[in-house]
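Reading through the structure tokens given below for one structure.
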There are 2 protein chains.
Amino acid sequence: MAKQNNVFKDAFNRCVKLLEQSASLPSEPELGAALGVSRTTVRAILTRLEDVGLLAWEKRRKIVLRKPLASDYFPTEETDSLSEIIERSFMRRILAGGAEPGMQINELELAREIGIGTTSVREFLIRFSRFGLIEKRPNSHWVLKGFTREFALELTEVREMFELRSAAAFARLPAEHPAWLELDAIESVHHAILGDIENRYLDFSELDERFHLLVHRASKNRFIVDFYDVIAIVFHYHYQWNKTNARQRNARAMEEHLAYIAALRSRDPTQIEDACRRHLKSARETLLQSIN
Amino acid sequence: MAKQNNVFKDAFNRCVKLLEQSASLPSEPELGAALGVSRTTVRAILTRLEDVGLLAWEKRRKIVLRKPLASDYFPTEETDSLSEIIERSFMRRILAGGAEPGMQINELELAREIGIGTTSVREFLIRFSRFGLIEKRPNSHWVLKGFTREFALELTEVREMFELRSAAAFARLPAEHPAWLELDAIESVHHAILGDIENRYLDFSELDERFHLLVHRASKNRFIVDFYDVIAIVFHYHYQWNKTNARQRNARAMEEHLAYIAALRSRDPTQIEDACRRHLKSARETLLQSIN
DNA sequence: CATTTGTCTTTTATCGGCAATAGACAGATC
DNA sequence: GATCTGTCTATTGCCGATAAAAGACAAATG
């Protein structure tokens with residue numbers, strides 16, 4: 001086995017979905033652009049669609065033969081990229097499992113446990129090391145620094161510096177900047193989720209990321225925007241892991257977001273700083289509570 | 001060929017130097033601790049020392065037989081780690097060579113050019129990507145974002161936020177904290193270099209890094225300290241590359257450092273902020289000048 | 001009895017190789 | 001003449017294998 005073919009499988013699934021509401025398919029380059037893959041992969045997809053009897057394909061003629069069934073799709077486990085699989089597996093180990101700070105991390109062991117080669121694990125650990133949770137001892141093992149109180153405090157300290165500055169920059173965006181439209185869209189999703197909070201409070205995690213990333217982008221600084229990856233991954237797994245009082249916490253955070261959004265619209269620096277600080281303070285508290 | 005044996009070669013050279021002023025060598029664990037390598041490597045070194053007739057080794061008895069010659073050392077090119085070799089080669093390409101922003105980076109080509117395997121190049125690029133100069137297109141090439149004016153501005157923006165905060169934290173360190181002693185040491189190196197500026201102005205680069213890293217460490221925030229890597233690498237290659245007016249620039253920067261150090265000692269927040277801002281401003285200007 | 005040494009096992013760093021995927025080019029088609 | 005398809009090549013992502021380096025453990029030594 002060399003490369004996974006998850007790009008193919010994932011694009012295939014998306015193509016089948018596309019095909020559910022259409023009688024034919026567009027040209028190969030167009031399809032490639034729609035699915036975000038190369039023509040090579042498009043042709044592999046078309047070949048398979050033909051093999052399973054979903055499509056009659058001859059040159060430019062691509063006619064859908066029948067409605068797709070659930071069994072036509074690849075199972076979702078097979079569409080994830082290796083790095084996603086490793087990330088999940090690794091985060092489960094260090095967040096859920098009894099992972100003491102100072103613990104050694106063994107590339108070979110991790111690789112065997114997940115059932116993959118060591119190269120992928122190494123590459124993952126190198127990429128992951130920028131989140132500040134692990135550290136390399138050259139020619140030797142990695143050390144887990146752990147999801148500790150110090151980590152959370154250091155993370156939020158930088159987050160607050162960056163977000164205050166980004167929020168201030170946001171207020172200075174010209175009125176015709178697309179970010180304002182996106183802000184409107186985000187605001188209305190807030191109202192929608194709050195209106196059906198019982199059923200939808202878990203949608204907050206994704207919305208939270210979308211909102212804060214929009215704010216950070218206003219800084220127009222790659223280091224600030226990139227740092228948001230660290231925050232996003234920590235909060236992402238934090239939300240998945242710690243569900244106590246989730247509904248109440250998320251509702252409160254959304255109210256804070258709405259105040260923050262209103263402040264951004266006012267373009268008044270003091271109001272923005274207040275709303276931003278208030279929200280970040282409660283986000284920090286929530287995170288800290290989940291640690292001790 | 002699997003692993004380089006540069007750890008062995010580098011430790012061997014350091015051991016030969018140790019042996020220049022000593023009639024015998026200590027125990028294996030002690031020697032390992034002194035050289036920062038494992039006993040396995042120590043024993044390989046001892047074996048070779050014996051082979052080339054520098055040492056009589058029998059169990060605990062390790063007697064130096066003769067003074068080492070220049071030819072006993074491994075050539076310095078062989079003691080560098082692969083990642084250092086790749087880094088130098090890569091930085092030369094993107095700083096010196098006509099490397100346009102937007103240019104594609106090809107792993108295979110880079111590997112062939114340096115004469116190494118693709119895995120090492122990939123790992124280097126992944127590690128290097130946190131410096132914000134390159135970006136990965138998954139399943140495809142890397143894109144060079146380039147050492148541009150925007151890059152320098154974004155970098156210095158974050159640097160200024162971090163350093164101002166770190167400098168403020170420095171002033172709050174207790175009087176018995178070892179950082180104050182290190183600050184004294186750094187100050188006296190400044191005086192020493194300024195006293196012989198004609199010959200020693202190139203020593204500034206290393207001193208600059210030592211000083212600013214000390215300040216950043218006072219933040220006690222891993223993200224701030226880690227970010228200093230980005231600054232350090234940029235300024236390191238910048239100093240190597242751009243030597244116009246180096247003596248004058250370095251002398252000026254050292255004067256600014258001395259004022260900055262005095263301000264830190266005063267522990268007065270306003271004075272510190274002033275001195276820090278003044279120095280960072282001129283550092284930014286120097287960096288920008290080298291770009292356009 | 002605390003170190004040191006001899007011996008052995010485990011892990012890391014790196015390589016070459018291969019399938020998946022991207023991408024280039026010329027001829028075919030509308 | 002712009003776009004599409006057929007075909008071919010180049011590059012990435014991943015694996016297994018191997019030498020270098022770390023490290024574990026027991027016997028030996030002072």
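Chain identifiers are assigned alphabetically (A, B, ...) following the order of the sequence lines, protein sequences preceding nucleic acid strands; residue numbering begins at 1 within each chain.
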Margin query: Can you give me the closest heavy-atom contact between A:T148 and A:P101, atom names plus distance?
Written below: CG2-CG, 3.8 Å
Note to self: Quick check on D:dG23: is either OP1 or OP2 less than 4.0 Å from any side-chain nitrogen or oxygen of A:H141?
What the structure shows: yes
Next item on the list: Anything under 30° is parallel, anything over 60° is perpendicular, the rest tilted; go ahead and classify A:F235 against A:H238.
Entry: perpendicular
Item checked: Contact summary for B:S83 and B:R127, nearest pair of heavy atoms -> CB-NH1, 3.6 Å
Next item on the list: Just call it for A:R112: base, sugar-phosphate, or nothing, with non-hydrogen atoms closer than 4.0 Å on any strand.
Entry: sugar-phosphate
Notebook entry, point to check: Given D:dA17, is OP1 or OP2 found less than 4.0 Å from the side-chain N or O atoms of B:K3?
Noted result: no
Check: Which part of the nucleic acid, if any, lies within contact of A:K9, taking any heavy atom under 4.0 Å across all strands shown: a base, the sugar-phosphate backbone alone, or nothing?
Finding: nothing
Next item on the list: Say whether B:E209 and B:Y239, considering side chains only, have a donor N or O and an acceptor N or O under 3.5 Å apart.
Entry: no
Next item on the list: State, to 0.1 Å, how close B:H141 and B:I105 come at their nearest heavy-atom pair, and which atoms those are.
Entry: CB-O, 3.7 Å
Margin query: What is the distance, to the nearest angstrom, from the CZ atom on B:F12 to the P atom on D:dA20?
Written below: 16 Å
Next item on the list: Grab the CD-P distance between A:E123 and C:dT12 for me, whole Å please.
Entry: 15 Å
Check: Roughly how many Å is it from CG in A:L110 to P in C:dT12, rounded to a whole number?
Finding: 10 Å
Note to self: I'd like to know if A:T40 reaches the base of C:dA22 with its side chain, counting only an N/O donor and acceptor under 3.5 Å.
What the structure shows: yes
Next item on the list: Mark yes when over 12 heavy atoms from residues, nucleotides or ligands other than A:E58 sit less than 6.0 Å from its CD; otherwise mark no.
Entry: no
Check: Starting at the 5' end of DNA chain D, which residue's closest nucleotide do you reach first, B:E109 or A:N6?
Finding: B:E109
Check: Under 4.0 Å between a side-chain N or O of A:K136 and OP1 or OP2 of C:dA13?
Finding: yes
Item checked: Nearest-nucleotide pick for B:N106, side chain only, options being C:dG23, D:dT11, D:dA20 -> D:dT11
Check: Salt-bridged, A:D72 to A:R66, with N to O below 4.0 Å?
Finding: yes
Next item on the list: Taking only heavy atoms on the protein side, list every residue of residues 21-38 of chain A lying under 4.0 Å from any atom of DNA chain C, sorted numerically.
Entry: A:V37, A:S38
For nucleotides 15-17 of chain C, which of its nitrogen or oxygen atoms have a protein nitrogen or oxygen under 3.5 Å away, and what is each distance?
from: C:dC15; atom 1: OP1; to: B:G117; atom 2: N; distance (Å): 3.4
from: C:dC15; atom 1: OP2; to: B:G117; atom 2: N; distance (Å): 2.8
from: C:dC15; atom 1: OP2; to: B:S120; atom 2: OG; distance (Å): 2.8
from: C:dC15; atom 1: O4'; to: B:M1; atom 2: O; distance (Å): 3.3
from: C:dC15; atom 1: N4; to: B:T119; atom 2: OG1; distance (Å): 3.4

Next item on the list: Mind listing the closest non-hydrogen atom pair of B:S219 and B:V225 along with its distance?
Entry: OG-CG2, 4.2 Å
Next item on the list: Could you check which of D:dA22, D:dT12, D:dA24 has an atom nearest any side-chain atom of B:R39?
Entry: D:dA24
Next item on the list: Indicate, with a heavy-atom threshold strictly under 4.0 Å, whether B:S140 touches base, sugar-phosphate, or nothing.
Entry: sugar-phosphate
Note to self: Of the options D:dA21, C:dT5, D:dT12, whose atoms approach the side-chain atoms of B:V7 most closely?
What the structure shows: D:dA21
Check: Which residues, if any, of residues 50-61 of chain B bring a heavy atom under 4.0 Å of DNA chain C?
Finding: B:K59, B:R60
Item checked: OP1 or OP2 of C:dA13 under 4.0 Å from side-chain N/O of A:R122 -> yes
Notebook entry, point to check: Is there a donor-acceptor contact under 3.5 Å linking the side chains of B:Y73 and B:E78?
Noted result: no
Next item on the list: Grab the CZ-C1' distance between A:R137 and D:dG23 for me, whole Å please.
Entry: 15 Å
